[in-house]
Amino acid sequence: MATATWSPGSGDILLGVMGDPIAQSRSPIMHTAALRAMGIPGAYVPLHVTPDKLGEAVQAIRTLGFRGVNVTIPHKVAVMAYLDVLDESAIDIGAVNTIVNTNGLLTGYNTDGIGYVRSLKTEVIPDLSGARIMVIGAGGAARGITAALLQEEPSSIIVANRTAGKAQELAAEWSRKGNITGISLDQAEGMLDGIDVIINTTSVGMYPHMDETPVDVSLFHEGMIISDLIYNPLQTRLLQESQERGCRIHGGLGMFVYQGAYALEYWTGQPAPTEIMRQTILDCLGGSA
Ligand code: NAP
């Protein structure tokens, strides 16, 4: 078995991201810039892995001496079966986006939810304890961020989804971790009054359907925090109109940066250069800081 624990002075670090397709992923460019800024020699490469080859590809992490990889669509759930250890974050969410190789022992983590919460706390609201939160959507991204939000001891979380049953299932599963309820998206608009933070985790408003919003923004009140996981476009219509109404806004770019930052920190044991990572993606998207 290859020795693959990386430490400063131990030579080049090998990292990558597995997905199908993978050419569109911006992780390689972001992590390559980060490694350079950290002065760590090595490479972060895109790895095109089809579902039928996933087991072999995971074994190759050990064989080739990769220190770690990110895992993206469609492998986040299926990859769990091939790992030696699953961190609590991965078990709770039921998906892995980061693998760490320690002398051939592969551990799966999920940094999506904690990445989102680190972004929200760094950029808009440092303390979420006591906050009344509404999460719109109940898909994979909503699962990750809801699990991480519950750790912050909010006063309540309402999950509102087009398919109400999925929101109710998610809430029932995590009711032992906090005050969480599931409702339909139709009910959401009548419950906005007492809400401090609204988070869109649906794909509504994403390129190329940029004129759509998941809820009626005219019902939002001044001072509310409106967050959107979408980062293409960098500012969705939901965020633009919310800002015009006097709300504080938060886009999805930070989630992408911080999920990667956590992974890099697990692999290297060193703080990730998050500002450089953010600027690298902004440059790619043609935006400004
Ligand atoms: P997913 O598992 O497919 O879930 C999609 C969710 O959106 C479901 O709750 C679905 O409701 C809802 N939805 C879809 N179309 C809708 C519509 N027209 N009206 C109302 N609700 C609708 O997807 P996901 O992986 O959670 O990703 C969701 C979004 O998060 C995507 O835009 C993705 O780009 C973004 N994201 C961002 C980051 C980041 O780093 N910033 C990371 C992950 C994901 P139903 O259950 O009723 O179908």
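Since the structure is predicted, the reported quantities are computational estimates derived from the model, not experimental observations. Atoms within a ligand are numbered from 1 in the order they appear, just like the ligands themselves.
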| Six-ring centre of Phe256, Arg26 cation under 6.0 angstrom, axis tolerance 45° | no
| field | Nearest non-hydrogen partners of Ala142 and Thr201, listed with the distance | value | CB-OG1, 3.4 Å
| Test: Lys166 and Glu169 ion pair at under 4.0 Å | no
| request: Verify the distance criterion only: is there a donor paired with an acceptor across the side chains of Ser27 and Asn70 at less than 3.5 Å? | output: no
| query | For atom CD of Glu222, is the number of surrounding heavy atoms from other residues, nucleotides or ligands below 6.0 Å larger than 12? | reply | no
| note | Protein neighbours of ligand 1 with a heavy atom under 4.0 Å, given by chain and number, are Gly137, Ala138, Gly139, Gly140, Ala141, Asn161, Arg162, Thr163, Lys166, Leu185, Thr201, Thr202, Ser203, Val204, Met206, Leu229, Ile230, Tyr231, Gly252, Met255, Phe256
| With no hydrogens and no angle check, do the side chains of Asp20 and Thr50 hold a donor and an acceptor under 3.5 Å apart? | no
